[in-house]
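A short write-up of the structure that comes next.
Counting convention: from 1, in listed order, for ligands and their atoms alike. Source: prediction; values computed, not measured.
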Amino acid sequence: MNVFPNAAEYLRHHRPERPILALRPHAVARAAQWFVANFPGRVLYATKANDMRPVLDMLAGAGVRSFDVASLAEIERVRAIDGAELFFMNPIKSRGAIARAYRDFGVRCFAFDSHDELGKVLAETDDADDLTLFLRIACPNTHSLIPLEGKYGASVEEAPALLLRARQHATRLGITFHVGSQAVVPAAFGEALTQVGQLIVSSGVLVDAIDIGGGFPARYPHSDPPGLDLYMEEIVRAADALAVKHNCELLCEPGRALVAESESVIVRVDARRGNALYVNDGAFGSLFDAAFSGFRFPARCVTPGREDLGGGETAYVLYGPTCDSADYLPGPFILPDAIGEGDYLEIGQVGAYGRVLGNRFNGFGDFEEITLTDEPMLSMFADTELQALDDPRSVSL
Ligand SMILES: *Cc1c(COP(=O)(O)O)cnc(C)c1O
């Protein structure tokens with residue numbers, strides 16, 4: 001890969017037609033090392049946030065070797081990572097996917113949230129005696145900016161019977177939940193863990209594992225969450241109060257928090273109309289969440305020689321390159337007044353749910369790929385020192 005000290009340095013020698021996805025591998029490693037060092041249990045990576053091979057390699061090099069996968073395609077990507085352990089945590093799976101995951105790919109951990117889905121896992125694995133089964137329970141997503149409620153999860157009424165039935169088949173039995181993505185209040189995890197404790201008591205079923213899912217936040221212009229250390233304190237406190245604490249493994253599945261700050265997209269301004277900038281990536285590229293989830297992303301001018309434009313600032317809106325009027329990013333994106341056609345903008349914090357949500361609509365969707373060694377535009381881990389990686393191959397990106 002092409003490695004550059006920053007975006008402007010790359011642009012000094014290149015004038016790419018396509019938008020550029022810029023990866024900062026050190027940011028992936030630093031986030032992963034922080035989670036491995038500070039989470040009181042096992043850290044899984046939620047593959048859907050960014051399944052690019054260099055990202056998976058950096059995570060593995062930093063000690064994250066367990067992966068939450070939701071499809072056979074994700075299983076095939078992640079299985080290429082040495083020593084990867086796969087957790088098939090999508091609560092609703094096709095029978096064919098369950099059978100292939102178990103037989104061909106060695107998957108032993110499955111989530112379910114109903115009698116039907118549990119029945120499918122048991123049938124397609126021939127009632128195997130080496131299964132780890134996780135009951136996904138519904139929990140309130142009131143503290144998150146992207147609630148995932150309503151789609152999955154057993155209710156308080158359904159959960160005890162499901163747990164009891166799964167206990168009779170599982171070698172290891174677990175409970176899992178998801179508090180919603182970009183959970184900005186640490187208590188989200190404490191409240192859900194309390195709910196898990198109540199389920200254990202009400203069902204009288206002991207569990208061997210509790211997987212607290214993802215939802216850990218990253219930093220954006222519209223969202224400045226508390227430090228992740230406060231989330232860990234909350235989790236430790238709530239897990240300590242559980243009756244099963246001694247023989248129970250704790251797991252988590254961050255996606256966003258591990259990769260959000262590791263990628264920027266560099267776009268070119270092709271036209272300016274008032275405070276609207278027409279750029280060459282957008283809602284159908286790496287900026288889906290800016291169009292459809294109310295997200296704001298940090299932006300700066302990286303045109304060589306124009307990085308420190310004086311003058312005032314303007315609150316811009318962006319339009320992406322496709323002809324769909326939904327290809328509109330309200331932002332606002334705060335940039336110098338003097339931005340004009342031909343300028344390049346770095347838009348940061350798109351490493352989670354950026355490239356993976358892009359499509360080829362209207363003939364766009366191809367990116368240049370570069371590696372940058374400077375700091376992410378915003379960080380949750382700025383005070384964390386990067387440790388040498390255990391797998392030296394993974395540094396040579
Ligand atoms: C999406 C997802 C995650 C990751 O969520 P983030 O908010 O990105 O941390 C974790 N677990 C499951 C089951 C998911 O569906």
statement: shortest atom 15 (O) of ligand 1-to-protein heavy-atom contact is with Lys48 NZ, 2.8 Å
task: Ignoring hydrogens and angles, state whether a donor on the side chain of Tyr45 or Arg65 is under 3.5 Å from an acceptor on the partner side chain.
output: no
task: Using a strict 4.0 Å cut-off to heavy atoms of Ala46, name the atoms of ligand 1 that fall inside it.
output: 3 (C), 4 (C), 10 (C)
- prompt: Got Pro221 and Leu378 here, is their nearest side-chain heavy-atom distance under 4.5 Å?
  reply: yes
- request: Considering only non-hydrogen protein atoms, determine which one is nearest to atom 8 (O) of ligand 1 and report residue, atom name and distance to 0.1 Å.
  value: Tyr353 OH, 2.6 Å
field: Numbering as shown, the atoms of ligand 1 that approach Arg256 to under 4.0 Å (heavy-atom distance)
entry: 6 (P), 8 (O), 9 (O)
query: Quick one: which ligand 1 atoms are inside 4.0 Å of a heavy atom on Gly214?
result: 5 (O), 9 (O), 10 (C)
message: Tell me the contacting part of Ala49 for ligand 1: side chain, backbone, both, or neither, using a 4.0 Å heavy-atom threshold, strictly below.
response: neither
task: Scan His143, Met380, Arg256 and name whichever one has a side chain to side chain contact (heavy atoms under 4.5 Å, CB included) with Pro217.
output: Met380
- prompt: Of Pro91, Ser181, Ala260, Pro254, which has the heavy atom at the shortest distance from atom 7 (O) of ligand 1?
  reply: Ser181
message: Give me the residue, atom name and distance of the protein heavy atom closest to atom 5 (O) of ligand 1.
response: His178 NE2, 3.0 Å
message: Assess whether a salt bridge exists between Glu85 and Arg42, defined as any Lys/Arg side-chain N lying under 4.0 Å from an Asp/Glu carboxylate O.
response: yes
query: Looking only at distance, does Glu253 have an N or O less than 3.5 Å from an N or O of ligand 1?
result: yes
message: Taking 4.0 angstrom as the limit and counting only heavy atoms of Gly215, give me the atoms of ligand 1 inside it, by number and element.
response: 5 (O), 6 (P), 7 (O), 9 (O)
query: Is Glu375 paired with Arg24 through a side-chain N to carboxylate O contact shorter than 4.0 Å?
result: no
field: Atoms of ligand 1, numbered as shown, that sit under 4.0 Å from any heavy atom of Gly255
entry: 4 (C), 6 (P), 8 (O), 9 (O)
task: Kindly state whether the ring of Phe189 and the ring of Phe216 have centres lying under 6.0 angstrom apart.
output: yes
Centroid-centroid under 6.0 Å between Tyr328 and Tyr319 rings: yes
message: Evaluate Arg136 for polar contact with ligand 1, using N/O atom pairs at a separation under 3.5 Å.
response: no
Enumerated ligand 1 atoms positioned under 4.0 Å from heavy atoms of Asp68: 10 (C), 11 (N), 12 (C), 13 (C), 14 (C)
